[in-house]
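Comments concern the structure below.
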Amino acid sequence: MKRRAIVAAAMALTLLAGCRSREERAAKFAAVYEAAMANNDPVMARLAMQQAVGFDDSNPDYWQQLGGVELALGDYSGAFNAYLRANELDHSRPVVLQALADLAVIGGHAEDAQRYAKQVLLLRPDDPAPQTTLGFVALRNRDYDSALKHADAVLATRVDDTNATILKARALAGLGKPDAALTLLRDFVTGHPSDATALDALGDMSGRFGNLAGQKEAQSRELAMRPKDVALRVNYARTLYRLGERAAAHELTYALASGGGHEGRLIDILGLWLQYEPRDAAVAEVRQLATQASTADKMRYAYFLMLAGQAGEAEALVAPLVSLPVTAANAAPLALLAQAQAMQGRDAEALKLLDAVLAFDEGNIMALRARTDLYLRTGRGRQAVFDAQRLVASKPRSADDRVRLARAYALAGQPQLAENTYRAGIQAIGGADPALFDGLRAFLVKAGRSDELADLQQQFVEQKRLARAQW
């Protein structure tokens, strides 16, 4: 129904284009935009305003309105581009500048965010909004004292400001005061029980500092407000699993998987089952669910079965659905099939498939990982180094891929490069993932350098602290 409505709207807008001058046509579409916004139809509003700016590119009002509706629809890139054009046409709009500042923060562009926020302050010296933006920039730069000052400046005049309260809580957490940060958010939520943004921040911070009961409470209250939010339901299930409430978590995730309402989150659900559910029971359920699954979901179930030690079943599920030659559509499934074959010791077959996939798509991550693992398992260090280097270049935040590269260097007889890879990964990624620390620890023990383990453990503890404080 939604698609038909959008198509009908687009046809109506096309017919509307038959008016006389370009300015008149733009004004007609602007009127359609106003009506659509009044009817709470942002999709139609966006279509109308896109037509308006197409006919009159020089009207900053149109671009500002397009930016607003893009933002409402969650298209941050589209919103930024629209607001940028509005600002090019008129530099004196605080609302546009503030939107650009906030979007720059979201995109991680701290210098741009500061520049736009300071321009807002020039136009409106008493406006607290840019103070919050500058505070979040300081937070991103780990300048927690400055972030706290900006938050307090806003809260001095707006005691109920959600964003400033969250900013202050995160600054306090960064300063090593998690109890004060959580108390601040709890008190705010008590006075504003329907504030979903504050609840989300409270749940996130509670989880970061190990207060799983607090995270559960915040997420359950959010679910009461947004019961159909699949991402929130999966995150809530993760919290239940971590609390040991496996039955409730399984009931929630199984309903999403079996009902087909997982909205692309099936791989996350299966990851939880792999980690928390009894292996035999989970495998049995996946076998049953896979029989009625879509082709895409069959691949996800096959991946689960492979990781659960059922490589033969994974192969049986994938093999009837894919075959050579490699195409854009079957490259990932073929890589999965090859991985299942390799796990059964059929390296020659697996390598033939992986070579074919990578000849077609040299950057295929699944194939690169599978071939690297095959090379590592069969003692081919030099070949493994080449593939692992490409993995790290493509996925610099992946701790597992950095470990693959370090292991490849060690296998290729380059221990110094292996150690450098571990240490560079720890520096770049930090303590959020213990894989690099575990790998370096094993490397040092094997090298007879156990006397360095105490310093490594201290570094790990400090990195974990920094990871909790980084927002």
Side-chain angles (χ1 to χ4, degrees), residues 108 140 142 204 207-210 234-235 238 241-242 265 267-276 300 303-304 306-308 332 335-336 339 342-343 354 363-377 380-381 383-412 414-447 449-450 452-471:
R140 183 176 288 273
R142 297 186 182 179
D204 181 33
R208 280 176 182 250
F209 290 100
V234 173
N235 286 335
R238 180 176 290 106
Y241 273 124
R242 293 178 67 194
R265 297 272 175 171
I267 199 69
D268 298 318
I269 292 169
L270 295 175
L272 291 174
W273 288 3
L274 195 66
Q275 184 174 1
Y276 293 104
R300 299 182 177 101
Y303 189 64
F304 170 91
M306 184 180 65
L307 295 181
L336 174 59
Q339 198 170 0
M343 290 184 70
L354 292 172
N364 187 287
I365 297 299
M366 181 175 288
L368 280 172
R369 284 174 177 158
R371 195 165 73 175
T372 301
D373 290 342
L374 190 155
Y375 286 150
L376 289 171
R377 182 169 51 79
R380 288 179 262 187
Q383 294 97 320
V385 165
F386 180 72
D387 281 352
Q389 285 174 333
R390 291 159 70 187
L391 279 173
V392 171
S394 296
K395 298 288 183 180
R397 301 291 300 174
S398 169
D400 288 340
D401 290 331
R402 298 234 184 196
V403 170
R404 284 183 171 94
L405 179 56
R407 289 180 57 207
Y409 278 133
L411 189 61
Q414 298 173 295
Q416 188 58 59
L417 288 177
E419 182 176 351
N420 293 349
T421 298
Y422 282 124
R423 295 194 183 278
I426 288 169
Q427 188 66 31
I429 300 173
D433 191 318
L436 286 161
F437 282 95
D438 291 342
L440 181 55
R441 189 178 294 111
F443 175 88
L444 292 174
V445 169
K446 187 174 182 180
R449 296 160 58 186
S450 297
E452 299 179 34
L453 294 181
D455 288 342
L456 180 64
Q457 181 61 27
Q458 184 176 353
Q459 183 185 6
F460 180 49
V461 171
E462 177 62 14
Q463 289 278 21
K464 285 177 67 177
R465 185 191 69 77
L466 289 173
R468 285 197 299 267
Q470 184 63 39
W471 304 93

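Computed over heavy atoms, backbone and side chain alike; hydrogens, waters and symmetry mates excluded.
- At least one side-chain heavy atom of Arg449 sits less than 4.5 Å from a side-chain heavy atom of Phe443.
- Atoms CZ and CD1, from Arg300 and Ile269 in turn, are 10.5 Å apart once rounded to the nearest 0.5 Å.
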Check: Would Asp204 and Arg208 satisfy salt bridge (Lys or Arg N to Asp or Glu O under 4.0 Å), going step by step from the backbone distance to the final call?
Finding: CA-CA 6 Å; Asp204 181 33; Arg208 280 176 182 250; 3.6 Å; yes
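- A heavy-atom distance below 4.5 Å is found between the side chains of Arg371 and Tyr375.
- Qualifying ring pair (Phe, Tyr, Trp, His ring centres under 6.0 Å) partners for Tyr276, counting only residues two or more places apart in sequence or in other chains: Tyr241.
- With sequence neighbours excluded, the residues satisfying side-chain contact (heavy atoms from CB on, under 4.5 Å) with Val392 are Asp401, Arg402, Leu405.
- Note that OH of Tyr303 and CD of Gln339 are 6.0 Å apart. Values are rounded to the nearest 0.5 Å.
- A pairwise comparison of heavy atoms in Ala384 and Thr372 identifies O-CG2, 4.1 Å as the closest pair.
- Taking the side chain as every heavy atom from C-beta outward, Leu368 and Asn364 never approach each other to under 4.5 Å.
- Smallest separation of non-hydrogen atoms from Arg390 and Gly363: NH2-N, 4.4 Å.
- The CG atom of Leu376 lies 10.5 Å from the CD atom of Gln383; values are rounded to the nearest 0.5 Å.
- Counting only distance, with no hydrogens or angles, the side chain of Arg397 and the backbone of Ala428 share a donor-acceptor pair below 3.5 Å.
- Summarising the geometry of Gly381 relative to Ala412, their closest heavy-atom pair is C-CB, 3.9 Å, with the distance given to 0.1 Å.
- Shortest non-hydrogen contact noted between Ala342 and Arg377 is O-NH2, 3.2 Å.
- A 4.5 Å side-chain heavy-atom check between Ser394 and Ile365 finds at least one atom pair inside the cut-off.
- Once rounded to the nearest 0.5 Å, the distance linking CG of Leu444 with CG of Leu456 reads 6.5 Å.
- Heavy atoms of other residues, nucleotides or ligands lying less than 6.0 angstrom from CZ of Arg407 number 12 at most.
- For the atom pair CD1 (Ile426) and CG (Leu440), the distance works out to 5.0 Å, reported to the nearest 0.5 Å.
- The two residues Asp373 and Arg404 make their nearest non-hydrogen contact at OD1-NE, 2.8 Å.
- Open room surrounds CZ on Arg242; 12 or fewer heavy atoms of other groups in view lie less than 6.0 Å from it.
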Notebook entry, point to check: Passes side-chain hydrogen bond (donor to acceptor under 3.5 Å, both in side chains), Asn420 versus Gln416? Steps please.
Noted result: CA-CA 6 Å; Asn420 293 349; Gln416 188 58 59; 2.9 Å; yes
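- Considering every non-hydrogen atom in both Ala435 and Val403, the closest pair reads O-CG2, 3.8 Å.
- Interatomic distance, CG of Leu453 versus CZ of Phe437, reported as 12.5 Å (0.5 Å rounding).
- At most 12 heavy atoms of other shown residues, nucleotides or ligands fall within 6.0 angstrom of atom CD in Gln427.
- In this structure, the side chains of Tyr409 and Gln389 come closer than 4.5 Å at one or more pairs of heavy atoms.
- Between Arg380 and Leu374, some side-chain heavy-atom pair lies under the 4.5 Å cut-off.
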